[in-house]
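None of these values were measured; they are calculated from a predicted model.
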Amino acid sequence: MTAISTTSSSESSLDSGDLSRMFRDAMAQVVTPVTVVTGIQEGFPHGTTVSAFASLSLSPPMVLVSLDRTSELLSIVGRSGRFGVNVLGSAHSDVALRFARKGGAAKFADTRWLLDHGLPRLPNALGWLACEIESMVDGGDHMVLLGKVLHADHRDGAPLTYHARSFGTHTVPDGDP
């Protein structure tokens, strides 16, 4: 088998700005789930919108989430050792936008929430996971949290997804079971 190189000499000399832009554009083609990851500090809820979320293991049940190194939430969940994951439904793009902004506990001002396993839960979310941090892995400008799932809950509905810098949802093609 012969490997064929697809890198041109001009591509190999991309500056970091060009590579960053090309990387962001390529990643915009990946459909991701939209979640709000939460933590609590001194009785006040904190949360942020996260699309870098995935199931990691069934035995034991584990997930991974990625948080910006500079985020207030990373500091909060790092100290407590726990975080919640609220999997948003297709009608929750307003919630995703609200939690994508800076603002700490103020993001919860007009948001219904409750404590579930000691963590802030958005009761209208499609999925809920209460997690304990097993480890934190360096991921460049982010930290990847590997979380052991302590509790899980869900309800049926269409998920909120993010693709091509827009919110949407997943639909089953005609003819699929």
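- The pair Asp153-Arg121 counts as a salt bridge, with a side-chain nitrogen and a carboxylate oxygen less than 4.0 angstrom apart.
- Looking at residues two or more places apart in sequence or on another chain, you find no side-chain hydrogen bond (donor to acceptor under 3.5 Å, both in side chains) involving Ser57.
- The two residues Asp68 and His142 come nearest to each other via the heavy atoms N-CD2, 3.3 Å.
- In the displayed structure, Asp110 atom CG is contacted under 6.0 Å by at most 12 heavy atoms of other residues, nucleotides or ligands.
- Considering all non-hydrogen atoms of both residues, Arg112 and Leu122 come closest at O-CD2, 3.8 Å.
- The two residues Phe83 and Gly147 come nearest to each other via the heavy atoms CZ-CA, 3.8 Å.
- Put simply, the side chain of Thr38 gets close to the backbone of Pro120: a donor and an acceptor are under 3.5 Å apart.
- Using a distance-only test at 3.5 Å, with no hydrogens or angles considered, a donor-acceptor pair links the side chain of Thr161 to the main chain of Gly168.
- Shortest non-hydrogen contact noted between Gly39 and Val77 is CA-CG1, 4.0 Å.
- Listed by chain and residue number, Ser90, Thr169 satisfy the side chain to side chain contact (heavy atoms under 4.5 Å, CB included) test with Ala158 (two or more places apart in sequence, or in another chain).
- Among residue pairs with one or both ends in residues 38-58, none qualify as salt bridge (charged side-chain N to carboxylate O under 4.0 Å, His left out); sequence neighbours excluded.
- No side-chain N or O of Ser20 forms a donor-acceptor pair with one of Arg24 less than 3.5 Å apart.
- Using a 30° and 60° split on the angle between ring planes, His151 and His117 fall in the parallel class, below 30°.
- Between the side chain of Arg98 and the main chain of Thr49, no donor-acceptor pair closer than 3.5 Å is present.
- Side-chain atoms of Thr35 come within 3.5 Å of backbone N or O of Val50 as a donor-acceptor pair.
- Remark: side-chain polar atoms of Arg69 are not paired, donor with acceptor, to backbone N or O of Leu74 under 3.5 angstrom.
- For Leu58, the CG atom sits in a loose shell: 12 or fewer heavy atoms of surrounding residues, nucleotides or ligands are nearer than 6.0 Å.
- The main-chain N or O of Arg101 is found under 3.5 Å from a side-chain atom of Lys107 such that the two form a donor-acceptor pair.
- Although no hydrogens or angles enter the test, the distance criterion places no donor-acceptor pair under 3.5 Å between the side chain of Ser135 and the main chain of Leu146.
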